[in-house]
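Both backbone and side-chain heavy atoms feed into the values below; hydrogens, waters and symmetry mates do not.
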Amino acid sequence: MKLAWVPARRVAPHNKAAVVVVAVWGVLLLALEPVGRFFQIDTTICLLRRLTGLPCPACGGTRCFLCLLQGDILAAVAYNPLAAVACALAAAVLGMRLIMRRQVQVQLRPRERLAAVLVLVAAVLANWAYLIYCH
């Protein structure tokens, strides 16, 4: 594994598809929440939870993020531990980019890349097992 501390632009070029997905997600959340409260119905947008009753690996991610914004780290971790770690890493990366105009560039050899993917898959599965057990 090779790490390099390289210069970066303050704002990364936007991926249009990602911006559209996040915008649609935000509009859905903003629209569904008041409607659900008014009609007293469950307004979850998680298709897996609607179909099976089981949470998906990302369930609780929005509540986790909102708890982190309020400074309640323990509640955030309880909602979705992997999402809490991902938010912390994203904040660190964004902070380095905005404040220091630097980013860490990671170069992995093929075997290291495979190991990283396996660790990530194991983390997602462990997080999913936690969500199913606790929620």
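Legend: side chain to side chain donor-acceptor pair (under 3.5 Å) pairs involving residues 56-69, not counting sequence neighbours: none detected. For residues 121-133, the pairs satisfying side chain to side chain donor-acceptor pair (under 3.5 Å) are N80-N127, with sequence neighbours left out.
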Output side-chain donor-acceptor pairs under 3.5 Å for residues 81-90, partner residues at least two apart or in another chain, one line each.
none

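The two residues P57 and V124 have their closest heavy-atom pair at CB-CG1, 4.0 Å.
The main-chain N or O of R109 is found under 3.5 Å from a side-chain atom of E112 such that the two form a donor-acceptor pair. Looking only at distances, no side-chain donor or acceptor of R102 sits under 3.5 Å from a matching main-chain atom of M96.
V6 meets the side-chain contact (heavy atoms from CB on, under 4.5 Å) test with A4, Q103, Q105; sequence neighbours excluded. Take A122 and apply the side-chain contact (heavy atoms from CB on, under 4.5 Å) test, not counting sequence neighbours, and it matches no residue.
Residues V104 and L108 share a hydrophobic cluster, clusters being chains of Ile/Leu/Val/Met/Phe/Trp/Tyr side chains in contact below 4.5 Å. Clustering ILVMFWY residues whenever any of their side-chain heavy atoms sit less than 4.5 angstrom apart, transitively, puts V117 in the very cluster that holds L125.
A distance of 10.0 Å separates CG of L74 from SG of C67, quoted to the nearest 0.5 Å. The SG atom of C59 sits 4.5 Å away from atom CZ of R49, with the distance rounded to the nearest 0.5 Å. Separation of atoms CD (Q107) and CZ (R113) is listed at 9.5 Å; rounding is to 0.5 Å.
By the neighbour-count criterion of 12 heavy atoms within 6.0 Å, atom CG of L48 is densely surrounded, having more than that number from other residues, nucleotides or ligands.
The side-chain heavy atoms of M100 and W5, taken from C-beta on, include a pair separated by under 4.5 Å. Counting only heavy atoms from C-beta outward, the side chains of R101 and P7 never approach each other to under 4.5 Å.
When hydrophobic residues (I, L, V, M, F, W, Y) are linked wherever their side-chain heavy atoms come within less than 4.5 Å, Y79 remains an isolated member.
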